[in-house]
Number of protein chains: 2
Amino acid sequence: MTETAAPLNAPLNAPRRGRKSALSRGQILDAAARMLRRQGYGNTTLRKIAEVAGIQAGSIYYHFASKDEILDAVLERGVRAVYEGVRDALAALPDNVGHLQRIETAVAAHLQALLSHGDYTSASIRTYGEVPEAFQQKSQPLREAYVVLWQDLLAAAQADGAIRSDLDPHILRPLLLGSLNWTVEWYDPAQRPVADIAAQAVDMLFHGVLPKD
Amino acid sequence: MTETAAPLNAPLNAPRRGRKSALSRGQILDAAARMLRRQGYGNTTLRKIAEVAGIQAGSIYYHFASKDEILDAVLERGVRAVYEGVRDALAALPDNVGHLQRIETAVAAHLQALLSHGDYTSASIRTYGEVPEAFQQKSQPLREAYVVLWQDLLAAAQADGAIRSDLDPHILRPLLLGSLNWTVEWYDPAQRPVADIAAQAVDMLFHGVLPKD
DNA sequence: AGATTAATCTAACAAACGTTCGATGGAATT
DNA sequence: AATTCCATCGAACGTTTGTTAGATTAATCT
């Protein structure tokens, strides 16, 4: 197969697209994220996405090559928002801050990203387990990096004696993150601010539910 | 419309069905639960269910009136298994047992039902949030009863001073149950027994992660 | 054994699915 | 003012979907 050679003087990586393209592309992604979050992977149809986005189903193919490309973009964007949110929150801390405050910051940032970052994060959390394997693999490097981030965070705290070292970190981490992730199933922003959930989660994580004796 | 009157001497509520019917019905439900757990609601098709169950798609309609009836049965059975598992475990305890041991028992029973009770519980946990509202309402009484069970458990413990009363139970409960529910996303029975997860979850819940001073 | 009922198969249906493509109007460029 | 390109529409395509119904086999009963 011979590929058609690009003109030598053509501008490289030129996004020769108008202003409206990015706008519609964003609306399509927003609609897909919303559908994906509420109805799951299999029930999110192109025609419903188009309807929510306010365009015709066929028009989507001007912006995306396939349905899978849309859902893939939504999923990756969701994972990235959580990962980068927590990473940046940690990076913004002063160098001399303790392990416990780093963990507290990470918990708060995770919840903040999850619950106040639109439908992308929720869609990603809720549907990752049910999409075809090819999808999962595409965003797996990001997910893996996020897992490592938490593993390092907890391992460093254990090594310094800031938290108990008799707890298996391979159980502790998913139990903690599971508790946070599940908030997408029940949290109602009209009831409480996200910070309240974060504060109590950290309190429980650190001190447990037994009364102080 | 005139309904065909049943013979007067016919046995009432007679399940005039052979032995094989219940067997196939069970296989269909098993297949549906497995599909539902792995691919979610929208991607679970009747033909795939039939294939897994080892029959033809059309034959399903001898046992069920519609696809929705199957999925509904799977979902309800999953919720019921968790609810009754925990309820019975608590009922089996001696009367004089303390609040903390009751909570410990409930956590262990919840995880046990979730992780070793086939695909029904996992399917129910994972897909409840993405099925149409009409579905959710059918199993809502059971879910509500389960929520009340935990609320009573925690409220009683707080009232007796067995656990801290400065924690909001409306945050504590979903955070705890979320931590447990999320295990369906990561738990691998080949790695550890369920009891290990339960033990560490209770340990964390009671004492927190800070070192004992 | 013959008759009756239980259970499954096969083949088809209409609707909805992801996707393609030529026509079409508006915006930007010349 | 004419032209070029961006963005969308509208209608169609081949599949797959849930569902139906008559034919067919397996099991049970008299």
Side-chain angles (χ1 to χ4, degrees), chain A residues 6-7 10-11 13-32 35-36 39-75 127 130-132 134-135, chain B residues 4 6-7 9-11 13-32 35-36 39-75 127 130-132 134-135:
Chain A
N13 294 335
R16 212 73 194 84
R17 291 198 122 124
R19 298 123 199 88
K20 211 179 173 191
S21 180
L23 205 147
S24 288
R25 201 186 140 94
Q27 283 175 310
I28 293 171
L29 285 176
D30 285 354
M35 296 280 319
L36 207 56
Q39 336 242 229
Y41 171 67
N43 270 9
T44 297
T45 71
L46 272 181
R47 285 177 170 86
K48 283 193 230 160
I49 292 176
E51 187 186 350
V52 173
I55 59 175
Q56 218 66 22
S59 308
I60 291 183
Y61 283 82
Y62 181 77
H63 303 276
F64 297 93
S66 69
K67 175 189 177 184
D68 283 3
E69 193 178 296
I70 304 175
L71 303 190
D72 192 39
V74 169
L75 253 57
T127 53
E130 73 179 34
V131 301
F135 276 75
Chain B
T4 43
N9 55 351
N13 295 334
R16 213 74 193 87
R17 291 195 121 121
R19 297 128 199 84
K20 210 178 175 192
S21 180
L23 206 147
S24 289
R25 200 186 141 94
Q27 284 175 308
I28 293 169
L29 285 176
D30 285 354
M35 295 281 319
L36 208 56
Q39 337 243 214
Y41 171 67
N43 271 10
T44 297
T45 72
L46 272 181
R47 285 177 170 84
K48 283 192 230 160
I49 292 177
E51 187 187 350
V52 173
I55 58 175
Q56 219 64 23
S59 308
I60 291 183
Y61 283 81
Y62 180 78
H63 303 275
F64 297 93
S66 69
K67 174 188 178 185
D68 283 3
E69 194 179 295
I70 304 175
L71 303 190
D72 191 38
V74 169
L75 253 58
T127 52
E130 75 179 32
V131 300
F135 276 75

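In what follows, chains are A, B, ... by sequence order, proteins preceding strands, each numbered from 1.
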Is there a side-chain contact between [X] and the phosphate of [N], meaning an N or O under 4.0 Å from OP1 or OP2?
{"X": "A:His63", "N": "D:dC6", "value": "no"}
{"X": "B:Tyr62", "N": "C:dT8", "value": "no"}
{"X": "B:Tyr61", "N": "D:dT20", "value": "no"}
{"X": "B:Ser59", "N": "C:dC9", "value": "yes"}

(request) Looking only at non-hydrogen atoms, find the nearest pair between B:Tyr61 and B:Lys67 and report the distance. (result) OH-N, 4.4 Å
(message) Under 4.0 Å, counting only non-hydrogen atoms across every strand here, what does B:Thr45 touch: a base, just sugar-phosphate, or nothing?
(response) sugar-phosphate
Atom [atom1] of [X] and atom [atom2] of [N]: how far apart are they, to the nearest Å?
{"X": "A:Leu23", "N": "D:dT8", "atom1": "CG", "atom2": "C1'", "value": "14 Å"}
{"X": "A:Asp72", "N": "C:dG18", "atom1": "CG", "atom2": "P", "value": "16 Å"}
{"X": "B:Arg47", "N": "D:dT15", "atom1": "CZ", "atom2": "P", "value": "14 Å"}

(request) Return the nearest nucleotide to the side chain of B:Gln56; candidates are C:dC9, D:dG18, C:dG18. (result) C:dC9
(message) By nearest atom, which of the nucleotides D:dG18, C:dA7, C:dG18 is closest to the B:Ser24 side chain?
(response)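 Selected nucleotide (nearest to the side chain): C:dA7.
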(message) Would you say that more than 12 heavy atoms from the other residues, nucleotides or ligands in this model lie under 6.0 Å from the CD of A:Glu69, or not?
(response) yes
